[in-house]
Number of protein chains: 2
Amino acid sequence: MATNNPVIQLFDNPTQRKDPVACDSCSLYSLCLPLGLNNHDLQKLDQIIDREQRYQRNDRLFRADTPFTALFVVRSGTFKTTVAASNGREQITGFYFPGEFIGLDAIYTENYQSTATALETSTLCALPFTRLQTLGADIPQLQINMLRRSSKELASDKNLMILLSKNNADARLATFLLSLSARFQERGFSTTRFRLSMPRKDIANHLGLAVETISRLFARFQQQGLIDVAGKSITLVDLPNLQARCEH
Amino acid sequence: MATNNPVIQLFDNPTQRKDPVACDSCSLYSLCLPLGLNNHDLQKLDQIIDREQRYQRNDRLFRADTPFTALFVVRSGTFKTTVAASNGREQITGFYFPGEFIGLDAIYTENYQSTATALETSTLCALPFTRLQTLGADIPQLQINMLRRSSKELASDKNLMILLSKNNADARLATFLLSLSARFQERGFSTTRFRLSMPRKDIANHLGLAVETISRLFARFQQQGLIDVAGKSITLVDLPNLQARCEH
DNA sequence: GATTTATGTTGACCCAGATCAAGGCAAATT
DNA sequence: AATTTGCCTTGATCTGGGTCAACATAAATC
């Protein structure tokens, strides 16, 4: 079975609450909206940001079909967005880690298109959208950054589409694990050992598979020496072979 | 079998080539980028647009992983975008009709993320992106429109994700047909009778199904009185029941 | 209008992954 | 430390849609 060594702590310890820092000293600066802004513009942006957003596990950030008021950037923790499919069931359209934007798909419709829920104790910055647009009229770079963000999510959604329509269960899970790994790397964390902040059923839902299938896959991947799982802790043991599994 | 009456001609007759009109007299104005711009700004936008883009069936507009130079807006005809999945096979990530934007997901990466191909004789406007960005710095409304466009595509991609991961073959085809119907309505065409400008195998690919399945579904939907197909012409006979099929 | 060539249809068979069922385990609550 | 509750695992069975094969029809080319 998997070893039970301590796993690198990915996110802020929720019990040690500290004052949220301004953008210029935020560790997520390079992943976030202020990138490339001069000091003067950054200060103006700083002033409209609400940094006091704090959510507990299962708290809702917003519900689908309610008015779009703000974009959110995760500071710590994890969120998921879900859409109620026509048949009543839910589809998890994305997981969001520190530095990632939630709500971009609501700009067009002016209503949130999904429901956002915290998976654990999490914090985020709220960017009131009308004020952001007013500011954007004076700061072209800000608009560019938003468009780039939106474009990035568009590109990664297309990848997920392919995953869901063309790949089998093995490939879906392997791709999912490597996508987490890559995103953790962007944030300066270990690429091979991390904590799965979402339950199995959420992984299953997101990948369009049954929970049982995820469970069996974890077991098989482990048996084949690709990974080492113990509950929520996971170690990617054989990255090259995991990469190979992403195909087909 | 299906009747063989003439079907409403959806797009410009490619043999009757006419001079492309400026934005202010373009029939797609309200679906396109200039919406809400004043005359002065519109003229500036007008000047950077290349309206001479013309493609034949199977012509490539751009290839994946080549430098992103311009956004495109379809004027007439249909395009598809494809991504080569890791296993060599291709996934059609979208079909594009008049007034729709191609290339938005390339803004972030600065490379096209997909290959765009004409499905029939088609024309489009090219918007050189660096000039568009320069212009955007002076015309905030332009940036807003682009962001809104991008947001719209994001929202519709999320819907496709749900379709692919949660719905069975019936629901996928029904949803696809109704999505075409809705888009034709936006453009002032019939919601119930139109031409399928893409071959069966492209529909199958896009919906993550086998061609044979599409063929069988068309036959069954027809037998059940939902639709009336004859080759590329289709009539949606029973919209309410087609709607009902979108579930599950 | 005859011949390729691409596209679409239909039938027979099979398998990956869903569903059903039952039990194990761990975290929270008492 | 016992109980509840939610989460995870494993086994047995079933099925929707894929795959293979053969043919039909339409469109392009000669």
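Throughout, a chain's letter reflects where its sequence line sits, starting with A, and its residues are numbered from 1.
- Residue B:Leu209 contributes atom CG, which lies 16 Å from atom C1' of C:dT9 at whole-angstrom precision.
- Using a 4.5 Å heavy-atom cutoff, the side chains of A:Thr82 and A:Ser114 are not in contact.
- Distance A:Asn167 CG to C:dG17 P: 10 Å, rounded to the nearest Å.
- For A:Ala210, the listed nucleotide lying nearest its side chain is C:dA18; candidates were C:dA18, D:dT9, C:dT7.
- Taking atom CD on A:Glu212 and atom P on D:dT9, their separation rounds to 11 Å, with Å as the unit.
- Where A:Ala219 and B:Val211 meet DNA chain D, the nucleotide closest to each residue was compared, and A:Ala219 sits on the side nearer the 5' end.
- Each of B:Met198 and A:Thr213 lies near DNA chain C, and the nucleotide nearest B:Met198 is the one positioned closer to the 5' end.
- A search for ring pair (Phe, Tyr, Trp, His ring centres under 6.0 Å) contacts involving A:Phe101 returns nothing, not counting sequence neighbours.
- Note: B:Tyr112 and B:Phe62 have parallel aromatic rings, judged against thresholds of 30 and 60 degrees for the angle between ring planes.
- In terms of position on DNA chain C, the residue among B:Lys201 and B:Arg216 whose nearest nucleotide sits closer to the 5' end is B:Lys201.
- We find that CG of A:Leu164 is positioned 15 Å from C1' of C:dG17, with the value rounded to whole Å.
- Nucleic acid contact for A:Ala169: sugar-phosphate only, since backbone atoms but no base atoms lie under 4.0 Å from a heavy atom of the residue.
- A straight line from CZ of B:Arg200 to P of D:dA26 spans 12 Å, rounded to a whole angstrom.
- Remark: A:Arg183 engages A:Glu100 in a salt bridge (charged side-chain N to carboxylate O under 4.0 Å, His left out) (not counting sequence neighbours).
- Within 6.0 Å of CZ on A:Arg220 lie more than 12 heavy atoms contributed by other residues, nucleotides or ligands.
- Counting non-hydrogen atoms under 4.0 angstrom, B:Arg172 reaches nothing in the nucleic acid.
- In this structure, the CZ atom of A:Phe218 is 16 Å from the C1' atom of D:dT10, given to the nearest Å.
- Across all strands, B:Ile214 comes closer than 4.0 Å to no nucleic acid atom at all (heavy-atom distances).
- If you measure from atom CD of B:Gln223 to atom C1' of C:dT10, you get 13 Å, rounded to the nearest angstrom.
- Taking atom NZ of residue A:Lys232 and atom P of nucleotide C:dC25, one finds them 18 Å apart after rounding to whole Å.
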